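In what follows, a single structure is set out as structure tokens and then discussed.
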Number of protein chains: 2
Amino acid sequence: MAANSQFSMAVHVLAMLAGSRDENTKSDYLACSVNTNAVVIRRLLGQLNQASLVISQTGANGGSRLARCPNDINLAEIYKAVNCGEVFALHAKAPSKDCPIGKNIEAVLGCLQREIDKGIEEKLSRYTLQNVFEMVEQGKV
Amino acid sequence: MAANSQFSMAVHVLAMLAGSRDENTKSDYLACSVNTNAVVIRRLLGQLNQASLVISQTGANGGSRLARCPNDINLAEIYKAVNCGEVFALHAKAPSKDCPIGKNIEAVLGCLQREIDKGIEEKLSRYTLQNVFEMVEQGKV
DNA sequence: CCTTCTGTAACTTATTTTGATACAAATACA
DNA sequence: TGTATTTGTATCAAAATAAGTTACAGAAGG
């Protein structure tokens, strides 16, 4: 289970919330559709909350709803809101500083990493949550 | 240690090989620069071999060298050659088919995943191994 | 032959994600 | 005010995977 699917789950959850605008949706209900545990969903909602994408309420009749209109939320925001690592990881242990390649490779790779990540965000930012919601609802890809 | 750094290690190794054209380089030597175990390097070289990026020789005076000129190897090929998962993982467990969102979300996410991955490869393909080698050697990013 | 290397299998360790249980605090409502 | 409901969060267990390690067969040079 070590493959990070938080972005997928986040999009799923937000698409659900997009379908029930202004009404509070319970983590239990979301968990049921995502097919996972309610705590996993609540952890995810916590991150989306911090990113001001959702609003949650405790207590009876509590639950979560979108903080903004689905047209105003794009996938890049979701990507940045959740913990989904980097495109590729840099070296686990720092390379040898005694080697001319090892000495500088990390800087070059880090730079590349940032560039790629910027590209991903650019592509993701082209889609709004509304777009996704419509694609899912219409069963059209 | 569960963050996949195979792409980083692969670029590192190939940059080393680019620096010693035509001469066999031993996995031990590469491991030393990457600061890891020689077996980890050999496993990596195995994948690069399958992708026809390197040629390895067993036996005394064995080792590995580039199969092609560094100008003819781009980073997208390296990315595809090594196991570095997807940009984001789809749901670990399939979402509920009873939910209109759950039923279709995977198809939409899968499509998005492929589009993003194509974008990554496009960006990576702009760099050759020679480019990287020069950046690393000159300590310029 | 003997030495040097790679290729690969097998096993261990470290790290991370996800799943599950439990409970305090917040809120609605009777 | 009291009760039921729901989130937030802590804590622990389970599962998956990457990386580290040891070991050894087999290839190649001399």
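Order of the sequence lines sets the chain letters (A, B, ...), proteins ahead of strands, with each chain counted from 1. Everything numeric in this text was worked out from a predicted model, so none of it was measured.
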Choose from D/dG20, C/dG7, C/dG19 the nucleotide whose nearest atom is closest to any side-chain atom of A/K93. D/dG20
Answer yes or no: is there a donor N or O on one side and an acceptor on the other, between the side chain of A/N4 and the main chain of A/N83, under 3.5 Å? yes
Looking at A/S5, I'd like to know whether one of its side-chain N or O atoms comes within less than 4.0 Å of OP1 or OP2 on C/dT17. no
Between A/N37 and C/dT18, does any side-chain N or O lie under 4.0 Å from OP1 or OP2? no
In whole angstrom, what separates A/N24's CG from D/dG8's P? 11 Å
Respond yes when some side-chain nitrogen or oxygen of A/Q6 is under 4.0 Å from OP1 or OP2 of C/dT18, and no when none is. yes
Could you state the CG-C1' distance from A/L44 to D/dG8, rounded to the nearest angstrom? 14 Å
Please give, in whole Å, the distance from C/dT17 P to B/E86 CD? 17 Å
Rounding to a whole Å, what distance do you find between B/Q57:CD and C/dT6:C1'? 11 Å
Compare the minimum distances between each of D/dG20, C/dT6, D/dT11 and the side chain of B/S27, then state the nucleotide with the smallest one. C/dT6
Among C/dT18, C/dT4, D/dG8, which nucleotide sits nearest the side chain of B/A60? C/dT4
Expressed in angstrom and rounded to an integer, what is the separation of B/I41 atom CD1 from C/dT8 atom P? 16 Å
Among D/dT9, D/dA27, D/dT21, find the nucleotide with the atom closest to the side chain of A/R42. D/dT9
Taking only side-chain N and O atoms of B/N61, does any of them lie within less than 4.0 angstrom of OP1 or OP2 on C/dT4? no
Is the shortest side-chain N to carboxylate O distance from B/E86 to B/R114 below 4.0 Å? no
Out of C/dA22, C/dT18, C/dC5, which nucleotide sits closest to the side chain of A/V39? C/dA22
Under 3.5 Å donor-acceptor, B/S125 side chain and B/E122 backbone: yes
Ion pair check, B/E121 and B/R126, cut-off under 4.0 Å: no
Using atom CD1 of A/I55 as one end and atom P of D/dT7 as the other, report the distance to the nearest whole Å. 15 Å
Looking at every strand, decide which applies to B/S64 at a 4.0 Å heavy-atom threshold: base, sugar-phosphate, or nothing. nothing
So what does B/G63 hit on the nucleic acid, given a heavy-atom distance under 4.0 Å: a base, only sugar-phosphate, or nothing? sugar-phosphate
For B/A94, is there any backbone N or O sitting under 3.5 Å from a side-chain donor or acceptor partner on A/N35? yes
Of the options D/dT6, C/dT18, C/dT6, whose atoms approach the side-chain atoms of A/T36 most closely? C/dT18
Round to a whole Å and report the spacing from CZ of A/R43 to C1' of C/dT18. 7 Å
Send over the distance from B/L17 CG to C/dT6 P, rounded to a whole Å. 11 Å
